[in-house]
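Each ligand, and each atom within it, is numbered from 1 in the order the structure gives. The basis for the numbers below is simple: all heavy atoms, side chains too, and nothing from hydrogens, waters or symmetry mates.
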Amino acid sequence: MTPDIKPFVAGNWKMNGQRDSLDQLALMARGVDEALFDKVDVVVCPPATLLYVATTLSEDTPLMVGAQDCHREAKGAHTGDVSAEMVADCLGEFCIVGHSERRTDHGETDFHVAGKAQACWRAGLTAIICIGETEAEYDSGRAEEVLGRQLAMSVPEGATEKDTVIAYEPVWAIGTGKTPSPDDIRDIHAFIRDVLVERFGGHGERMRILYGGSVKPDNATELLSVNNVDGALVGGASLKAQDFLAICESYRKV
Ligand code: PGA
């Protein structure tokens, strides 16, 4: 954790969830009560098809809702895409950009990611900008080099703690059950913090840096206890309300 930064837990449902999953979302909305919200900000990012119903279900609760991606433009001839303005129109407040699955599946580059982050800001959304090295990059000791480049090019000038959250997700830890050691996470998060402070001054000091990749109820407390880990981006374990709320609760206790 970083002193004075409120922890933040975001659930990324990826391409999972149909209407029957809304029961889980309703349970999450009920579970994120004022006492929990006092200690931790909680966001769920369902697929775009469920976004508007999700914001309706979580209305009047502290649970916040976000999208998993957006186009850099506000509207136009881009078949299949969703703009940040559309997310805001559905009452979403956040949008994940630059997830490694989008970088891999859709060839998104740092340049695209920066454009999407700016689109989020334009629409009044907070961008959750993902960065992360591959296993080969990690094994060859190039993680900081890769992350430094991604931070320089994916995070646009003028980012603040209000409009931007950084998510460090080692690609090799996503959905694999593997995580870096707490010492490795501490070193990488310290590196990310230094880069952010150098570029954005006080905003960089206050910007939230999440860890993502195989976060589960049984390792969440250990991970949040690491310096400069201000929360988690949770994939698989965010699909079930019980697991997701257990992760949020463990962050409340830290
Ligand atoms: P995971 O995914 O928690 O299933 O590893 C994390 C993510 O991709 O955001």
Honestly curious: do Tyr211 and Leu196 fall in one hydrophobic cluster under the side-chain, below-4.5 Å linking rule?
-> yes
Listing, residues 127-140 side-chain donor-acceptor contacts under 3.5 Å, not counting sequence neighbours, or none:
unit_1, atom_1, unit_2, atom_2, d
Glu133, OE1, Tyr168, OH, 3.0
Glu133, OE2, Tyr168, OH, 3.0
Glu133, OE2, Trp172, NE1, 3.1
Thr134, OG1, Glu137, N, 3.2
Thr134, OG1, Glu137, OE1, 3.2
Glu135, OE2, Lys178, NZ, 3.1
Glu137, OE1, Thr134, N, 2.8
Tyr138, OH, Asp184, OD2, 2.4
Ser140, OG, Ala136, O, 2.9
Ser140, OG, Glu137, O, 3.3

The remaining residues in the hydrophobic cluster of Phe37, counting side-chain heavy-atom contacts under 4.5 Å among Ile, Leu, Val, Met, Phe, Trp and Tyr, are none
Under a side-chain separation threshold of 4.5 Å, the hydrophobic residues clustered together with Leu125 are Leu51, Val65, Val82, Met86, Val87
Salt bridge present between Asp230 and Arg193 (N-O < 4.0 angstrom) = yes
N/O contact list for ligand 1, threshold under 3.5 Å:
unit_1, atom_1, unit_2, atom_2, d
ligand 1, 2 (O), Lys14, NZ, 3.3
ligand 1, 3 (O), Gly235, N, 2.8
ligand 1, 4 (O), Gly236, N, 2.9
ligand 1, 5 (O), Gly175, N, 2.6
ligand 1, 5 (O), Ser214, N, 2.8
ligand 1, 8 (O), Lys14, NZ, 2.7
ligand 1, 8 (O), His99, NE2, 2.7
ligand 1, 9 (O), His99, NE2, 3.3
ligand 1, 9 (O), Glu169, OE1, 3.3
ligand 1, 9 (O), Glu169, OE2, 2.7

Ion pair check, Lys75 and Glu85, cut-off under 4.0 Å | no
